[in-house]
Amino acid sequence: MSTSGTGGARAAGVVEAERVDSADGDTSVAVVTRSAPTTPTRSGTPGPPSSPPSPPSLAPAAPAPTKGWGLPLVVLIVGMFMSILDTSIVNVAIPVIQKQFGVSTDSIQWISTSYTLTEGVIVPISAWLGVRLGLKRIYIWSLVLFTIASALCGLSGDLGTMIFFRILQAIPGGLIPVTCLTLVYRLVPRERIGTAMGLYGLGVVVAPGVGPTIGGYFVEYVDWRLIFYINVPIGIVGAIAAMIVLAKVPAEPSKPFDFVGFAFVAGSLFSLLLAVEEGSKWGWTSYPVLILFAAAINLLALFVLVELQVEHPLLNIRIFAYWPFVNSLLLVSTLSVGFFAELFYLPTFLQNVQGWTPWNTGLTLLPQAMTMVVLMPIAGTLYDRFGARWPAIIGLLLTGTGLLMLSRINVDISRGELIVSMVVMAAGLGLGFMPVMTGGLSSLPPEVADSGSTVNTLVQRVSSALGLAALTAMVTANQAQFMSDRSALLAGSGADADPRIIAMQAQGQSGLIPLWQQLTMHVQAQTYSNTFFLVGCITFAGVLLALFLRRGAPTAGAEKPMVH
């Protein structure tokens, strides 16, 4: 610096450099200009400084978003798509795996249960690991470990090794969603976050939609082991691309780990998810299930108390003081329950009632996935321009309409009618899902954004599991009631009995089997119809909550907490 420049600076004020630590562990230097005392003139009156003093200016609390964010976003979508695809594609292969391993139905379900329980325990520590070790490093290692575990699952020769490798696979599988979502908000400029999240949603919602199609083809025409091996090339390419493309996000190695909080939240989620997974088999009012639910509630209450007291909480639960974020969680849960109910019950109906093969079932579900592929990027652009309210309202209305159309399901329903209903529902999900989620996350201040990503992922997983469990309990109760109401048809005799049933009874037990099968299919279709009607009505009710969403794209931290 020249002498004249130094003198000018001293005349105007004192220039000081201050260290500023941002929320993500990055350290920057902020230049603060402080006013210097004015120098008296010869006449004794204080003279003005050579230039007016500058107001203090501090460095931003978070690193500036990456300008070229398109390619990094694609890399994140690949990892997200792979991790979520594996949760839906495996379900198609479970009957085949059961037959090959020669195990019972209760035992084979642990292939899915073990993954769900492990993932639920891992998700709460995802944000802390990202801060402690660095988001880029965690993402790359998660892809590598997920790829290795997938290959090991494909090599499994018995149920025990398969369950063990599924647990290993669930550990990185729980880290990837939170890490990806956090990185999106670090890399993308705030004014383009809607467009980015619309593209990011292809991994969140489309993967479960295409999973049955891909899995059905592999199971029917190739080999069920390919549903795991397919992750190997994708994971290798994704990890290499991440190392080259993703920018390094500074870590914060000194951040302590909240062991007590983790123990409480992990125990709560494990108890809750285990009760949900096994409730239908153990009985929803059985002592083990009731004890698990009680443990989940009490451990969650203890977790909240601990997190409000510790200096470095595992999750900043004060984010629940921001109503836009809470509102988005309620709406995301509503949409998730409807979507996963359709993904669970329709394949069962198509294969058990209408006799479709897994591959044809997957083809029937494919148009809805393609609809979301087209509409999700459009929804992101609409969010950037209009905010979350109108895309959410239109999306909820379309989703509810599609579910009510599915409530007309019956044994003889045509494939075309099912596809039209699913496409209408998928159009609503494509337009509404990501704007709702983006609006909620964008309302949080940057310093709690990581906790917001973790809580959002947890709520999606838990709400889907709880919603599906509640609906399955209702389906089971309805089936028992409907079969009881129609049992008179099988036991009928006398003048009021149907002559066809009397003729079947004369043939003995073998004569009643076709009638029993027909009644079972009608009852199953009727219970699914009631389920879709209920979920559709709940979705329509969500429109009331959508009216409270912001019309303009919210800026980070623009919302004030409900309590101080």
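In what follows, every heavy atom counts, from backbone to side chain, and hydrogens, waters and symmetry copies are set aside. Along the sequence shown, the residues carry numbers beginning at 1. Quick caveat: nothing in here was measured; it's all calculated off a predicted structure.
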For the pair S451 (side chain) and V448 (backbone), establish whether a donor and an acceptor sit closer than 3.5 Å, ignoring hydrogens and angles.
-> no
Criterion side chain to side chain contact (heavy atoms under 4.5 Å, CB included) on F257 and L314, from CA distance to verdict | CA-CA 7 Å; F257 183 64; L314 183 68; 3.8 Å; yes
Is a side-chain donor or acceptor of E307 paired with a backbone partner of L315 at a separation under 3.5 angstrom?
-> yes
Any side-chain heavy atom of L76 within less than 4.5 Å of one from L187?
-> yes
Backbone of Y115 reached by a side-chain donor or acceptor of R166 within 3.5 Å = no
For D223 and L226, indicate whether the former's side chain and the latter's backbone hold a donor-acceptor pair under 3.5 Å.
-> no
Would a distance-only check, ignoring hydrogens and angles, find a side-chain to backbone donor-acceptor pair under 3.5 Å from S529 to S407?
-> yes
Can you give me every donor-acceptor pair (side chain of residues 151-160, partner residue at least two apart or in another chain, under 3.5 Å) with its distance?
| residue | atom | partner | partner atom | Å |
| --- | --- | --- | --- | --- |
| S156 | OG | L152 | O | 3.2 |
| S156 | OG | C153 | O | 3.1 |
| D158 | OD1 | G160 | N | 3.1 |
| D158 | OD1 | T161 | N | 3.0 |
| D158 | OD1 | T161 | OG1 | 3.3 |

Derivation and outcome, side chain to side chain contact (heavy atoms under 4.5 Å, CB included), residues F262 and V121 = CA-CA 9 Å; F262 172 70; V121 171; 4.0 Å; yes
Supply the atom-to-atom distance E278 CD to T113 OG1, rounded to the nearest 0.5 angstrom.
-> 5.0 Å
Backbone N/O of K136 and side chain of K248: donor-acceptor pair under 3.5 Å = no
CA sep, side-chain torsions, deciding dist, call: T213, W359, side chain to side chain contact (heavy atoms under 4.5 Å, CB included) = CA-CA 6 Å; T213 306; W359 169 235; 3.9 Å; yes
Once you round to the nearest 0.5 Å, how far does CD of Q524 lie from CD of Q479?
-> 6.0 Å
Indicate yes or no: at least one non-hydrogen side-chain atom of Q368 is less than 4.5 angstrom from one of L343.
-> yes
Check: E277/W110 side-chain N/O donor and acceptor closer than 3.5 Å | no
Residues Q460 and S333: side-chain donor-acceptor under 3.5 angstrom = no
Quick one: does V455's side chain get under 4.5 Å of F320's, heavy atoms only?
-> yes
So, W128 side chain and P256 main chain: donor-acceptor pair closer than 3.5 Å or not?
-> yes
Just wondering, do F164 and Q169 contact through their side chains at under 4.5 Å, heavy atoms?
-> no
Evaluate the side-chain proximity of Q109 to K281: yes if any heavy-atom separation is below 4.5 Å, no if none is.
-> yes
Report, as yes or no, whether the 6.0 Å neighbourhood of atom OH on Y217 holds more than 12 heavy atoms from other residues, nucleotides or ligands.
-> no
So do M376 and L199 actually touch side chain to side chain, heavy atoms under 4.5 Å?
-> no
Report yes or no: does N360 contribute a side-chain atom to a donor-acceptor pair with the main-chain N or O of W356 at less than 3.5 Å?
-> no
Go through the side-chain N and O atoms of S107 and S104 and say whether any donor and acceptor fall under 3.5 Å apart.
-> yes
For residues 173-183, please give each side-chain donor-acceptor pair under 3.5 Å, one per line with the distance, not counting sequence neighbours.
| residue | atom | partner | partner atom | Å |
| --- | --- | --- | --- | --- |
| T179 | OG1 | L175 | O | 2.7 |
| T182 | OG1 | V178 | O | 2.8 |

Note, I319 side chain near V326 side chain (heavy atom, < 4.5 Å) | no
Residue pairs passing the side-chain hydrogen bond (donor to acceptor under 3.5 Å, both in side chains) test with at least one member in residues 196-211, sequence neighbours excluded, are none
Indicate whether any N or O donor in one side chain lies under 3.5 Å from an N or O acceptor in the other, for T527 and N478.
-> no
Output, in order, the C-alpha distance, side-chain angles, deciding distance and verdict of side chain to side chain contact (heavy atoms under 4.5 Å, CB included) for W141 and L133.
-> CA-CA 11 Å; W141 276 109; L133 302 178; over 6 Å; no
Are any of the side-chain heavy atoms of M434 and L202 separated by less than 4.5 Å?
-> no
Would you please say whether a donor-acceptor pair under 3.5 Å links the side chains of E220 and T357?
-> yes
Y345 and Y528 aromatic ring geometry - parallel, tilted or perpendicular at 30°/60° bounds | tilted
